[in-house]
Every structure is written in C-alpha cells, then in structure tokens.
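Counting starts at 1 for both ligands and their atoms, following the listed order.
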Amino acid sequence: MSRKFYITTPIYYVNARPHIGHAYTTIACDTIARRQRMLGAETFFLTGTDEHGQKIERAAQAAGKTPQQYADEISGEFRQLWKRMAISNDDFIRTTEERHKKRVQELYKRIRDNGYIYKGIFTGQYCVSDELYVDGAKPGDACPTCGRVTETVQEENYFFKLSMFQEKLLALYCKPEFIRPETRRNEVLSFVRSGLRDLSISRSTFTWGIPVPDDPQHVIYVWLDALANYITAIGYGSSHPGAQAAFKKFWPADVQMIGKEIVRFHCVYWPAFLMAAGLPVSKAIVAHGWLLFEENKMSKSRGNIVRTETILDVLGADALRYFLLREVVFGQDGSFSFDALVQRYNSDLANGLGNLASRTLTMINRYFKGEVPYPSHAASKAPADDAIADAARTTIREFGNLFDQFQFSRALESAWALVAAVDKYIVENEPWSLGEKQDEDSRSRLATVLYTAAEALRIATALAHPVIPDATAKIWAQIGLGDIKQFALHELAWGQLRWGTKLGEVQPVFPRADKSAVERMQRMEDTQRPAALADQAERKAAAATTNWAQTVATSATATTSSNDKISIDDFAKIELRVGLVKVAERVPKSDKLLRLEVDIGSEIRQVLAGIAEAYAPETLVGRKVVIVANLAPRKLRGMESNGMIVAASLEGGKPVLASFLEDVPIGARLK
Ligand code: MSP
C-alpha cells in the first residue's frame with residue numbers, strides 16, 4: 001500500500017484579493033505536494049477560503065454587498081488564480097459550504113460533549129482584523145499583532161477550557177518536528193508557559209458565521225470554524241462511509257504550512273481543539289516568513305501588494321514559482337522586487353536551465369539526427385564525464401534532503417550548481433568542434449559529451465519539476481521521455497537515459513526577458529496603485545538628487561587630476577555601449593578571429609574580435625558585451641570591423657569578456 005501524504009495551506013480570508021504573499025504559501029505547498037506525488041505518495045493537497053466572521057461581514061457591508069456575494073466573488077478569484085498558476089490542489093474548501101458548516105457543528109458538539117465548553121460573560125478587547133481576543137488589553141489598546149485599536153466586547157459567550165491543555169501542549173512541543181522552524185517553537189513555548197486562559201469561542205453580536213448547535217443566537221468563533229476546515233474537507237463529521245474512510249486515511253496532516261503571524265492559532269488553539277475532540281494532532285506545523293515589498297509586509301491594508309496576474313502575464317507561473325522559492329530563505333522574511341525577479345529569471349531560467357536544454361538538444365539533433373547517442377568504446381571516456389555523473393548523484397541526494405527539510409532555496413541552489421557544472425563541461429569539451437570532425441574517436445567523444453549533458457539535464461529537470469512544472473514538462477518531452485508526471489522520482493539515478501531515445505520537437509522554454517519586462521510589470525501595477533505611483537515619483541526624485549551629487553563629486557575629482565591621468569572629458573570621448581551578440585562565427589583561415597554582429601540599440605555592428613581561442617561562437621550568441629562604439633573602423637582579413645569588444649586580458653593572453661551581473665538594456669552607455 002502506498003504511503004499517504006496530506007498537506008494544507010491556511011484558508012485565505014476573502015476580504016482581500018489574492019496577491020503574491022498569498023501565492024507564496026500556496027506555491028510552497030504545491031511544490032511539496034507535487035514532489036510527494038512523484039515520490040509515489042498518495043497525496044492530498046488542500047486549500048480554500050475563510051469566509052465568515054466580523055471582518056468579512058464589515059468588508060461586504062462597505063462594498064455594498066451581502067457577505068455571501070462578496071465571499072463568492074473573492075473566493076472565485078482565488079480559485080481562478082490557482083488554476084492559472086498550475087496549483088495542483090485536490091480540493092478547495094469554502095467555509096460557507098454546507099458540508100463544512102455541518103461538520104464544524106459536529107466538532108463543536110464533540111468538544112462540548114467531552115466537557116470542554118461552558119457559558120460565561122466575556123468582557124475584553126478584540127481585534128477584528130486578526131479576529132483575535134487580546135488578553136490583558138484595556139479599552140483603547142492596540143492589537144499586538146497588527147497595531148490596530150482593539151474593540152471592547154462585552155457579551156455572553158461560550159468558552160473553551162483552553163487552560164486545561166497547558167501541560168498537554170507543552171508535552172506536544174517536546175517533539176521538535178511539531179513546530180518548525182525552531183524560533184517559532186520558542187515563541188509558542190514561552191506563550192504557553194506564561195499561562196493559558198480559557199478562550200471565548202462564540203459571538204452573539206453579529207450573525208455572519210456558523211450557528212452554535214442548540215443555541216443559534218450565537219455563531220462559532222471564526223478561528224474554530226476556519227481551523228476545522230483541515231478536517232471537514234477530508235470527511236470529519238460526515239455520516240458518509242466514503243468521507244469517513246478518507247478522514248481515517250489522511251488525518252493527521254503531514255504538513256500544515258502557515259505564515260508566521262498565525263502560529264498561535266495553529267500551534268496552541270488548533271491542537272487543543274483536536275485534543276478536546278479526542279482527535280490526533282497534526283504531525284508538523286511549518287511557518288514561513290513574510291514577503292516584503294518596499295520593506296513592509298505585503299498586505300492589502302498597507303496598499304503595497306503586487307498582483308500575481310501581472311507576473312503571470314509577463315513572465316509566466318514558473319518564473320514566479322522559481323523566484324519565490326529560490327530567492328526567499330524559507331522561514332525568514334524576503335523582499336520582492338521586479339528587478340530581482342527578472343534578473344533571477346534571466347540568469348537561472350533563460351540562461352541556465354533553458355539554455356542548457358536548448359544547446360544540448362539542438363546539438364543532438366544536429367549531430368545525431370535527434371537520437372540520444374551513447375559512447376561506443378571506452379576510449380571516448382574522460383574523467384570530466386565521471387565528475388558530472390558524480391555531481392548528479394550528489395545533487396539527487398542533497399536536493400532531496402534539503403527540500404524535505406523545507407530548505408527550498410538551498411535545494412534549488414544545489415540543482416543549479418549541477419546546471420552550471422554541465423555548462424562548463426560543454427564549454428570545455430567543445431562538442432561543436434568535435435562535431436566538425438569525422439574520425440571515429442571524435443564521433444565517439446562527441447557522443448559521450450552529449451549523452452553526459454543530456455543525462456544531467458534529465459536529472460536537473462526531474463528534480464526541478466515540482467517547482468517549475470510547466471517548463472520541465474516541456475523539456476522532459478523534448479528529451480523524448482513523454483509525460484513527466486508518470487516518472488517515479490524515487491528511482492531517479494544516473495544512467496537511466498536510454499541510447500536511441502528519440503527527441504521531441506526542440507523549442508526554447510524560457511525566452512530571455514529584457515529590461516522592458518520590469519517596466520511593463522511596474523506599469524501594470526502602478527495603474528492598479530495610484531498611491532504607489534506618487535510614492536515612486538518621490539523615490540525617483542530622491543534618486544535624481546543622488547545622481548546629481550555623484551556627478552558633482554566626480555567632476556571635482558576630475559579638475560584636480562594630475563597630468564598623467566586623463567580628464568573626465570577625455571574619458572567621455574570613449575563611447576562604451578552595451579551590445580547584444582546576434583551572430584557569431586569563425587573567420588575563415590583565422591585561429592583567433594570571430595566575426596560578430598552586435599546589436600547596440602541604434603544599429604547592428606559588424607565587429608571582428610580576437611577571442612576565438614577563448615570563446616566558441618555558439619556560446620556568444622545572446623550574450624551581452626561591452627563595445628567601444630566610436631572606434632574608427634578598420635579592415636582585418638578584408639572585412640570591416642566597426643568597434644571593439646571589451647575584455648580583460650589574462651596572463652597568457654586569454655581574453656575574458658566584460659559582462660554584467662544585473663540585466664542591462666541593449667545600447668546603454670557605460671560612463
Ligand atoms: N484566514 C486566515 C487563516 C485561517 S487558516 C485556518 C488567514 N488568512 S490570510 O488570507 O490573511 O493569510 C493566509 C496566508 O497567506 C497566511 O499563511 C499568511 O501568512 C499568508 N500571507 C499573506 N500575506 C503574506 C505576505 N505578505 N507574505 C507571506 N505570506 C503572507 O490568516
């Protein structure tokens with residue numbers, strides 16, 4: 001029988017439209033679910049929307065809608081978005097569904113019948129935004145979580161005997177895997193050690209909620225209602241045998257992923273409710289940090305959200321998925337910026353995995369008629385081939401360990417180190433030069449090199465599939481391996497790629513993004529955020545001041561320069577520009593020269609560069625270089641060279657091309 005795996009996201013409040021902060025939690029869970037499915041686990045991945053409570057009731061009122069209309073609309077947006085993002089949830093629960101409401105009432109009755117609920121008068125402070133009772137607060141005090149002023153509540157309520165669970169909870173926290181990471185566990189420990197007070201679990205001053213069984217004047221506290229989704233969705237409280245069997249199979253959850261601000265609800269209240277109902281507690285609550293934008297938690301109330309759709313429209317779902325998991329150290333807060341997104345996309349996806357796939361598969365097409373080659377005799381082997389095989393084996397192990405410890409960023413780093421190693425291997429083994437030779441040794445060596453590259457590509461693709469499902473499915477099919485979903489990841493090992501595998505149609509999976517991608521996304525967001533626009537104008541003004549100051553400082557230095565140095569005016573005479581290599585080929589009968597066609601924005605220049613011994617022409621196409629654009633033209637081997645490519649000259653004369661870590665627009669002036 002296969003192992004089961006049950007994973008949940010929190011359910012999202014429907015008072016705010018989805019943004020990439022929400023997408024972050026969902027993406028993290030989705031990648032885990034996808035990896036578990038590939039590993040053969042019978043996986044159930046749940047997400048949904050949290051639709052009751054005073055906060056939603058008020059938001060609907062403000063929008064002139066009924067709470068149900070309002071919830072229908074925003075819940076629909078979440079569902080649509082997850083679809084566009086290739087989120088593979090098995091169910092989507094809404095707390096306004098009948099199945100949920102009935103089952104929550106069953107849970108309530110169970111807790112009540114077990115003797116953990118009593119009636120009393122509640123007097124205290126409540127934060128509507130967090131739907132949180134703030135212990136010890138006085139009228140006018142702020143909520144410790146969000147800083148908003150709390151409201152005074154005095155009403156007859158039902159109470160949950162939370163105080164009875166202090167010792168049991170402390171015993172639960174002894175299992176270090178129950179709360180991750182450690183910092184969150186320590187917070188919870190100190191909160192519980194400081195003493196637990198009974199918790200009000202009903203409200204009677206508004207109606208948007210699930211009625212308390214046998215006392216419909218009250219609605220169930222929205223957090224009890226919401227937390228219960230994790231069990232109601234899989235059949236708890238149902239009389240249907242199928243639903244009961246599903247609950248038995250999947251509960252307790254293997255991973256419940258949450259943001260750090262809702263740790264108390266999940267690590268204190270939730271296990272206490274479960275214990276009170278006589279149910280097992282979840283195996284692990286894993287808390288991630290926040291996605292920050294402009295240095296603050298991205299949230300609707302701050303108005304600093306980035307809509308997911310903008311990124312999907314410009315770069316696609318895989319780009320966002322990869323970026324969030326690669327860039328943010330899981331558990332910590334991470335900043336989002338469009339520049340960083342595009343930079344990561346270009347360096348790791350377009351130039352990294354995408355480029356490795358297209359160059360490897362294109363060469364197999366060209367030199368082996370589109371069939372995966374296999375080395376025909378041992379003489380074609382070199383230590384570098386074994387080094388790649390070893391690196392791939394290590395990566396399979398490391399990636400799995402890190403990923404399963406929720407260290408997504410480091411796991412991806414290790415897979416991309418393999419991609420980089422294979423790139424280097426290709427450059428060093430020059431399959432394009434081997435391809436020009438016809439002797440048997442060269443053919444055999446070429447076969448080994450391309451087999452090795454394709455096999456490493458297959459392994460990186462399989463590992464990355466849960467994170468970038470769309471592109472990896474395409475690469476997998478291009479290698480000729482069919483449907484990646486059918487691949488059993490636990491069997492992944494070096495050497496499984498079969499000789500003679502017929503490649504599919506080879507097409508680029510990650511087209512390079514240029515600078516305009518950032519501007520486009522920013523513009524799309526700015527039209528949604530007039531306030532942000534004003535803010536940006538302010539920032540631009542501040543930036544302009546800084547540039548001006550730098551210019552003054554530079555010219556001051558220039559006027560005091562000594563005679564053996566050039567003045568800034570002399571330097572300004574040299575027109576250095578960013579160019580994009582469009583065409584690169586060897587110059588016939590020359591070992592040193594390459595003929596390049598370089599796009600410098602205003603025109604395409606032909607440049608002859610003495611870099612043929614250091615760079616294969618194939619490796620240069622699509623690369624950005626620095627060109628001296630106003631050098632007088634000169635003729636070399638009968639061809640005109642119109643500019644000069646800038647390179648560092650190393651000892652022994654090997655040139656290394658100047659390049660940029662950040663993305664730069666074609667034609668940009670260097671000064
Ligand atoms: N409805 C409650 C959860 C109930 S679960 C029984 C809730 N909803 S929420 O919509 O406010 O948040 C849902 C999830 O989105 C949380 O895990 C939260 O941390 C996450 N995020 C919302 N904004 C976020 C960021 N800016 N960054 C990262 N995650 C964020 O809480």
Nearest heavy atom to atom 31 (O) of ligand 1 wins, so pick from N229, T26, I262. I262
What's the shortest distance from atom 19 (O) of ligand 1 to any protein heavy atom, and which residue and atom give it? E261 OE2, 2.8 Å
Rounded distance (nearest 0.5 Å) linking atom OH of Y24 with atom CZ of F323: 10.5 Å
M257, portion touching ligand 1 at heavy-atom distance under 4.0 Å: neither
So is M298 polar-close to ligand 1, meaning N/O to N/O under 3.5 Å? yes
For the ring pair (Phe, Tyr, Trp, His ring centres under 6.0 Å) test, which of W223, Y108, F273 pairs with F160? F273
Contact (N/O only, under 3.5 Å) between G259 and ligand 1: yes
Check: F78 ring centroid to H22 ring centroid under 6.0 Å: yes
Candidates R112, K109, K119, R203 - the one meeting salt bridge (Lys or Arg N to Asp or Glu O under 4.0 Å) with D215: K119
Based purely on interatomic distance, does G289 place a nitrogen or oxygen under 3.5 Å from a nitrogen or oxygen of ligand 1? no
For the ring pair F338 and F336, is the centre-to-centre distance below 6.0 Å? yes
Proximity to ligand 1 by part of H19, non-hydrogen separation under 4.0 Å: side chain
Under a 3.5 Å distance rule, please check whether Q166 uses its side chain to pair with a backbone N or O of V192 as donor and acceptor. yes
Locate the shortest heavy-atom distance separating E97 from F92; write the atom from each residue and the value. OE2-O, 3.7 Å
Numbered in order shown, the ligand 1 atoms found under 4.0 Å of a heavy atom of H266 are 5 (S), 6 (C)
Structural part of D50 in contact with ligand 1, heavy atom criterion under 4.0 angstrom: side chain
Can W223 be said to touch ligand 1, with heavy atoms closer than 4.0 Å? yes
Within a radius of less than 6.0 Å around CD of E177, do more than 12 heavy atoms belonging to other residues, nucleotides or ligands occur? yes
Determine, for F403 and R35, whether the Lys NZ or Arg CZ falls below 6.0 Å from the six-membered ring centre while staying within 45 degrees of the axis. yes
Is there a polar contact between ligand 1 and L227, counting only N or O atoms under 3.5 Å apart? no
With nothing but distance in play, are any N or O atoms of P10 less than 3.5 Å from an N or O of ligand 1? no
Can you tell me the protein heavy atom closest to atom 2 (C) of ligand 1 and the distance? I11 O, 3.4 Å
At what distance is the nearest protein heavy atom to atom 20 (C) of ligand 1, and which residue and atom is it? T25 OG1, 3.5 Å
Under 6.0 Å between ring centres: does that hold for Y133 and F122? yes
Can you list the atoms of ligand 1 that are under 4.0 Å from a heavy atom of Y12? 10 (O), 13 (C), 14 (C), 15 (O)
Option whose closest heavy atom lies nearest to atom 6 (C) of ligand 1, chosen from Y230, Y24, F265: Y230
Can you sort out which atoms of ligand 1 are near A226, meaning under 4.0 Å from one of its heavy atoms? 6 (C)
Y12 and side-chain hydrogen bond (donor to acceptor under 3.5 Å, both in side chains): which partner among T26, D50, T49? T26
Considering non-hydrogen atoms of the protein only, which is the closest contact for atom 21 (N) of ligand 1, and what is the distance? G21 O, 3.8 Å
Ligand 1 to H22, heavy atom cutoff 4.0 Å, flagged ligand atoms 10 (O), 15 (O), 22 (C)
Here the gap from F45 atom CZ to N89 atom CG, rounded to the nearest 0.5 Å, amounts to 5.5 Å
Which protein heavy atom lies closest to atom 28 (C) of ligand 1, and at what distance to 0.1 Å? L291 N, 3.4 Å
Shortest non-hydrogen contact between S200 and Y221, atoms and distance: O-CD2, 3.7 Å
Name the closest protein heavy atom to atom 8 (N) of ligand 1, giving the residue it belongs to and the distance to 0.1 Å. Y13 CD1, 3.3 Å
